[in-house]
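Below: one structure, written as structure tokens.
Naming: A, B, ... by sequence-line order, numbering from 1 per chain.
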2 protein chains.
Amino acid sequence: MSDFKELLDRDKVQQCPRHYVLALTDTLNVMNGKWKLPIIASLLHGKIRFKDLQNNIDKITPRMLSKELKELELNGIIERKVYNQTPVLIEYILTESGKNLTGLIDSMIDWGMLHRTEAIKSSWPND
Amino acid sequence: MSDFKELLDRDKVQQCPRHYVLALTDTLNVMNGKWKLPIIASLLHGKIRFKDLQNNIDKITPRMLSKELKELELNGIIERKVYNQTPVLIEYILTESGKNLTGLIDSMIDWGMLHRTEAIKSSWPND
DNA sequence: ATTAGTACTATACTTTTGTATACTAGAATA
DNA sequence: TATTCTAGTATACAAAAGTATAGTACTAAT
């Protein structure tokens, strides 16, 4: 469907495929940083609360978790549901877009594994 | 092939699919930052020199370009070829792993575009 | 009145990433 | 001898990302 090479024809680089560039930078922004993927990962098996996220994700501070959740919500990846109980209950769930990331994450894993075998072929230090 | 959901079975999160996690973080690291993709993009149509990269990529400073090229080389995404001429000629080219990123980049573009249509459905500000 | 549970926020700090501007080295050319 | 070419490096600074640690607001139970 979309061929990235198009993006890179010398003539086209600057002018043309704005929507591709935007889509790509959107995607990068969504996954950007140390904590986004672990959070998305934790959400893939359903709704989950703040404290549980904090327990699931090793070494994340409440500050970072809070900040990242806000960004993910703003970007339309997760939804924040408030239940008016006492003590208040808040749950985070993935939106459709968030769920759709699964395929992309799989592609990333595939590339990463392929890359490791390539790298070993070129006798690259394996950790 | 690789199902990311596996990664997220509560029981497995911490212990099991280390190779998946490693592969995924490898991939994130490779694309990470402001300049990696533009550089990879510029390299997709063949070998290119430092100064040409600097001209191709808007506003990149030689310091950042140099730093990013080193990282990409270390990560096995590009190769640096030195020709012993005067003045010295140095060319950068993608490795096989680097070329293989095309498919992944396409997946990212696809997700980004899908996400934009989803976002518009939920009346999210477009830009 | 005190303690505990939920979901965070505040403050100060360190580290990483990025910017601005100038400079270097080695050899050929004018 | 001075300038030009390629491919960067050096230094100082600013901004963004992340860490550490403590504290807040609300309510319910003890």
Can you check whether [Y]'s main-chain N or O pairs, donor with acceptor, with [X]'s side chain at less than 3.5 Å?
X: A:H115; Y: A:D110; result: no
X: B:S42; Y: B:L53; result: no
X: A:N29; Y: A:T25; result: yes
X: A:T95; Y: A:G76; result: yes
X: B:W111; Y: A:S97; result: yes

In whole Å, what is the span from the [atom1] atom of [X] to the [atom2] atom of [N]?
X: A:I57; N: D:dT19; atom1: CD1; atom2: P; answer: 12 Å
X: A:Q54; N: D:dA20; atom1: CD; atom2: C1'; answer: 13 Å
X: A:L53; N: C:dA7; atom1: CG; atom2: P; answer: 10 Å
X: A:N55; N: C:dA7; atom1: CG; atom2: C1'; answer: 13 Å
X: A:E68; N: D:dA16; atom1: CD; atom2: P; answer: 15 Å
X: A:M64; N: D:dG18; atom1: CE; atom2: C1'; answer: 5 Å
X: A:L28; N: D:dA17; atom1: CG; atom2: C1'; answer: 17 Å
X: A:N32; N: D:dA17; atom1: CG; atom2: P; answer: 7 Å

When you check the phosphate oxygens OP1 and OP2 of [N], does a side-chain N or O of [X] lie under 4.0 Å from one of them?
X: B:K70; N: D:dT9; value: yes
X: A:T86; N: D:dA28; value: yes
X: A:S66; N: C:dT9; value: yes
X: A:R63; N: D:dT24; value: no
X: A:R80; N: C:dC8; value: yes
X: B:Y83; N: D:dA7; value: no
X: A:K34; N: C:dT17; value: no

For this session: May I ask you to say whether B:E68 pairs ionically with B:K34, meaning some side-chain N is under 4.0 Å from a carboxylate O?
Result: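 No.
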
Exercise. Salt bridge check: are B:E96 and B:K99 linked by an N-O gap of less than 4.0 Å?
Worked result: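 Yes, charged N to carboxylate O under 4.0 Å.
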
Problem set entry | DNA chain C: 5'-proximal contact among A:L69 and B:G33 (nearest heavy atom) |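 It is A:L69 whose nearest nucleotide is closer to the 5' end.
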
Problem set entry | Terminal helix-axis angle for the helix from C:dA1-D:dT30 to C:dA30-D:dT1, with five pairs defining each axis and rounding to 10 degrees |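 It works out to 30° between the end axes.
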
Exercise. Hey, which of these two, A:P62 or B:R49, hits DNA chain D nearer its 5' end, going by closest nucleotide?
Worked result: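 The residue closer to the strand's 5' end, by nearest nucleotide, is B:R49.
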
For this session: Report which part of the nucleic acid B:L89 touches: base, sugar-phosphate, or nothing (heavy-atom distance under 4.0 Å, all strands).
Result: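 Sugar-phosphate, backbone atoms only, no base.
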
For this session: Go through A:Y92 and A:E79 one step at a time and tell me if the side chain to side chain donor-acceptor pair (under 3.5 Å) criterion holds.
Result: CA-CA 6 Å; A:Y92 297 91; A:E79 195 186 333; over 6 Å; no

